[in-house]
Amino acid sequence: DKAARFENEYAAASALLAEGEYDNAKSAFESLKDYADAETMAKESVYQKGEKQLANGQYDLALSTFSALGTYKKAYDNASYAQSRIDMQKGDYQKALDGLVKLMGYGYQEAEEPILECRYQLAAQAENNGQYAQAYAEYIDLGEYKDCADKAARFENEYAAASALL
């Protein structure tokens, strides 16, 4: 009977999804057309594929995967996050930071650690460019992140030594 066949195919598609066979699961759900929530589950298959790509640091792939999903779940935010991680890999920390801060404003908690990393890298760039006051202020503000406290203390010691020479 037709209903039993659809149920079996749906169960098989669900099993593919559970096994991480995202593309095969998507195809299987799409073949079920209007059966139950097959259309949604086809999108879910793509979404889970994107989440796996994000978790594996495959940001280019994740950006493409999530962009194709439009407004499904957090696909748009995940695409933006992937773009920011790509910007970080390219060394464009200010662009990445701007995107990540916007995401944090939407409650995207995954952006918190990369925001700290961008700020850290921008402080290091400022220091390398001789913008010591800016670098020092950022290291102080970052506090216990990585070696920021040590870097801030080094600035203070160097300032004290320079002041003693005056």
Side-chain angles (χ1 to χ4, degrees), residues 1-126 134 137-149:
D1 110 336
K2 196 172 183 180
R5 186 176 58 93
F6 277 129
E7 282 179 33
N8 289 340
E9 288 179 23
Y10 187 92
S14 297
L16 288 169
L17 180 57
E19 292 165 13
E21 295 284 333
Y22 306 112
D23 293 333
N24 292 334
K26 176 182 182 272
S27 297
F29 282 120
E30 285 175 341
S31 74
L32 291 167
K33 296 190 176 32
D34 296 329
Y35 179 75
D37 65 344
E39 191 178 322
T40 300
M41 291 307 293
K43 288 180 183 171
E44 182 62 23
S45 301
V46 176
Y47 189 83
Q48 288 186 24
K49 177 182 179 179
E51 286 191 318
K52 178 88 168 158
Q53 292 166 335
L54 264 188
N56 291 341
Q58 299 170 304
Y59 302 118
D60 288 329
L61 293 174
L63 175 61
S64 173
T65 299
F66 285 121
S67 294
L69 282 170
T71 58
Y72 182 75
K73 283 187 163 178
K74 290 187 341 183
Y76 182 81
D77 289 348
N78 287 343
S80 298
Y81 178 78
Q83 181 60 60
S84 291
R85 296 303 299 232
I86 292 167
D87 293 336
M88 287 176 72
Q89 288 174 337
K90 291 179 180 172
D92 193 347
Y93 295 105
Q94 189 59 58
K95 182 177 176 194
L97 180 61
D98 294 344
L100 292 165
V101 167
K102 195 178 289 185
L103 283 169
M104 271 304 278
Y106 302 142
Y108 194 89
Q109 294 303 310
E110 296 90 333
E112 190 172 353
E113 197 285 328
I115 284 174
L116 294 174
E117 183 59 26
C118 286
R119 290 177 56 202
Y120 180 82
Q121 294 297 333
L122 288 168
Q125 287 176 2
Q134 181 182 341
E138 193 65 57
Y139 288 138
I140 286 287
D141 198 44
L142 283 165
E144 296 302 312
Y145 185 73
K146 289 190 171 181
D147 59 351
C148 290

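If you take CD on Glu51 and CD on Gln53, they are separated by 10.5 Å, rounding to the nearest 0.5 Å. In this structure, CG in Leu122 is found 7.5 Å from CD in Glu138, a value given to the nearest 0.5 Å. Put simply, OG1 on Thr71 and NZ on Lys43 are 7.0 Å apart, with the number rounded to the nearest 0.5 Å. Between Asp23 atom CG and Leu16 atom CG the span is 11.0 Å, to the nearest 0.5 Å. Atom CZ of Arg5 and atom CG of Leu32 lie 8.5 Å apart (nearest 0.5 Å). To the nearest 0.5 Å, atoms NZ (Lys26) and CE (Met41) are separated by 13.5 Å.
The shortest distance between side-chain heavy atoms of Thr40 and Tyr47 does not fall below 4.5 Å. Asp141 places a side-chain heavy atom less than 4.5 Å from the side chain of Arg119. Looking only at side-chain heavy atoms (C-beta outward), Tyr22 and Thr65 stay at 4.5 Å or farther from each other.
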Report task. In sequence, state the C-alpha distance, the side-chain angles, and the governing distance for Asp147 and Tyr120, and then conclude on side-chain contact (heavy atoms from CB on, under 4.5 Å). Result -> CA-CA 9 Å; Asp147 59 351; Tyr120 180 82; 2.5 Å; yes
Requested in this report: Using the side-chain contact (heavy atoms from CB on, under 4.5 Å) rule, take Leu54 and Phe66 through it: C-alpha gap first, then chi angles, then the decisive distance, then the call.
Outcome: CA-CA 10 Å; Leu54 264 188; Phe66 285 121; 3.8 Å; yes
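Residue pairs meeting the side-chain hydrogen bond (donor to acceptor under 3.5 Å, both in side chains) criterion with at least one member in residues 104-113, sequence neighbours excluded: Lys74-Glu110, Asn78-Tyr108, Glu113-Tyr145.
Under the side-chain hydrogen bond (donor to acceptor under 3.5 Å, both in side chains) criterion, Gln89 pairs with no residue, sequence neighbours left out. Checked against side chain to side chain contact (heavy atoms under 4.5 Å, CB included), Ser64 has no partners two or more places apart in sequence or in another chain. Residues passing the salt bridge (Lys or Arg N to Asp or Glu O under 4.0 Å) test with Glu44 are Lys73, sequence neighbours excluded. Under the ring pair (Phe, Tyr, Trp, His ring centres under 6.0 Å) criterion, Tyr10 pairs with Phe29, Tyr35, not counting sequence neighbours.
Annotation for Ala79 and Leu63: closest pair O-CD1, 3.2 Å, computed over non-hydrogen atoms. In terms of heavy-atom proximity, Lys33 sits nearest to Ala38 at O-CB, 3.9 Å. Across all non-hydrogen atoms, the minimal contact from Ala62 to Gly50 is CB-O, 4.0 Å.
Enclosure of atom OH in Tyr76 is not indicated, since only 12 or fewer non-hydrogen atoms of other residues, nucleotides or ligands lie within 6.0 angstrom.
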For residues 92-103, run the donor-acceptor check on the side chains, cut-off 3.5 Å, and write out each pair with its distance to 0.1 Å, sequence neighbours left out.
from: Asp92; atom 1: OD1; to: Lys95; atom 2: N; distance (Å): 3.3
from: Gln94; atom 1: NE2; to: Asp98; atom 2: OD1; distance (Å): 2.9

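At a cut-off of 3.5 Å, with distance as the only test, a side-chain donor of Gln121 or Glu117 sits close to an acceptor on the other residue. In this model, no donor atom of one side chain and acceptor atom of the other lie less than 3.5 Å apart for Asp87 and Tyr59.
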